[in-house]
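Worksheet: one structure, shown below.
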Amino acid sequence: PILQSAEVVNLSRNIIITGDDFSQVQCSSSLPESVTGEQTSVEGCRCASFRSTCTLGLHTIAAHSGTTRIRNTRVEKCGQRGVEGKYCLHFHKLKHCPDCLFE
């Protein structure tokens, strides 16, 4: 018999933002801790009792002001696990933004 299968995707997304393949970086014990007890740093991969490497992917940020509108978009290979504040889609202190959209 022939193995037949299909990949099923959400076809309602018409924009795909893809980061490079994830990379692993070694941690540094010299980086300052962002928030006491969280064992992360905004300056890079900080060593922790449970972490000797961090996973790095695509990072985007909209900060402080302006209008951000994201619709029908899939973001993949993103985020930086182990690094404080490095999210796939980071909306940083945008405050009141009635025209901002993320759906």
Side-chain angles (χ1 to χ4, degrees):
I2 298 173
L3 178 62
Q4 295 181 352
S5 63
E7 184 173 332
V8 178
V9 296
N10 182 349
L11 298 176
S12 67
R13 308 243 185 254
N14 54 14
I15 298 172
I16 300 173
I17 300 171
T18 304
D20 293 335
D21 286 336
F22 287 113
S23 63
Q24 297 287 323
V25 297
Q26 291 296 313
C27 69
S28 171
S29 57
S30 65
L31 295 174
E33 190 172 27
S34 297
V35 177
T36 303
E38 289 190 5
Q39 300 185 31
T40 59
S41 177
V42 295
E43 295 181 22
C45 181
R46 184 180 187 277
C47 292
S49 59
F50 53 88
R51 176 180 46 246
S52 60
T53 64
C54 292
T55 303
L56 303 183
L58 173 75
H59 166 70
T60 65
I61 186 168
H64 304 287
S65 64
T67 301
T68 300
R69 299 177 64 94
I70 299 174
R71 174 185 286 161
N72 299 325
T73 302
R74 181 176 75 205
V75 183
E76 56 189 24
K77 296 184 181 179
C78 59
Q80 300 187 5
R81 282 166 276 196
V83 183
E84 182 78 23
K86 301 294 183 178
Y87 314 112
C88 290
L89 299 172
H90 186 170
F91 302 96
H92 184 77
K93 297 184 179 181
L94 287 179
K95 300 181 182 173
H96 182 66
C97 185
D99 295 325
C100 288
L101 175 70
F102 178 66
E103 66 177 27

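What you see is a predicted model, and the numbers here were worked out from it, not measured in a lab. Numbering starts at 1 and runs along the sequence shown. For the numbers below, each heavy atom of this structure counts, side chains included, while hydrogens, waters and symmetry mates do not.
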Notebook entry, point to check: Are Phe50 and Val83 grouped together when hydrophobic residues (ILVMFWY) are joined by side-chain heavy atoms under 4.5 angstrom apart?
Noted result: no
Check: Val42 and Ile61: same hydrophobic cluster, using ILVMFWY side-chain contacts below 4.5 Å?
Finding: no
Margin query: List the residues meeting salt bridge (Lys or Arg N to Asp or Glu O under 4.0 Å) with Asp21, not counting sequence neighbours, and say none if there are none.
Written below: Lys77
Next item on the list: List the steps, then state whether side-chain hydrogen bond (donor to acceptor under 3.5 Å, both in side chains) holds for Thr55 with Gln80.
Entry: CA-CA 6 Å; Thr55 303; Gln80 300 187 5; over 6 Å; no
Side-chain polar contacts of residues 89-101 - donor-acceptor pairs under 3.5 angstrom, sequence neighbours left out - could you list them?
residue	atom	partner	partner atom	Å
His90	ND1	Gly85	O	2.7
His90	NE2	His92	ND1	3.4

Check: How long is the gap from CG on Leu56 to CZ on Arg81, to the nearest 0.5 Å?
Finding: 9.5 Å
Checklist line | Approximate separation, where rounding is to 0.5 Å, of Gln26 CD and Cys47 SG | finding: 8.0 Å
If I compare all heavy atoms of [X] with all of [Y], which pair ends up nearest, and what's the gap?
{"X": "Leu31", "Y": "Arg46", "answer": "O-NE, 3.1 Å"}
{"X": "Thr73", "Y": "Arg71", "answer": "OG1-O, 2.9 Å"}
{"X": "Cys45", "Y": "Thr53", "answer": "SG-C, 3.7 Å"}

Notebook entry, point to check: Yes or no on side-chain contact (heavy atoms from CB on, under 4.5 Å) for Ile17 and Arg74, after CA distance, side-chain angles and deciding distance?
Noted result: CA-CA 6 Å; Ile17 300 171; Arg74 181 176 75 205; over 6 Å; no
Notebook entry, point to check: Can you list every pair that meets side-chain hydrogen bond (donor to acceptor under 3.5 Å, both in side chains) and has a residue in residues 31-41, with sequence neighbours left out?
Noted result: Thr40-Glu84
Note to self: Before you tell me yes or no, could you show the steps for Cys27 and Cys54 under disulfide bond (SG atoms under 2.5 Å apart), namely the whole-Å CA-CA distance, both residues' side-chain angles and the distance that decides it to 0.1 Å?
What the structure shows: CA-CA 7 Å; Cys27 69; Cys54 292; over 6 Å; no
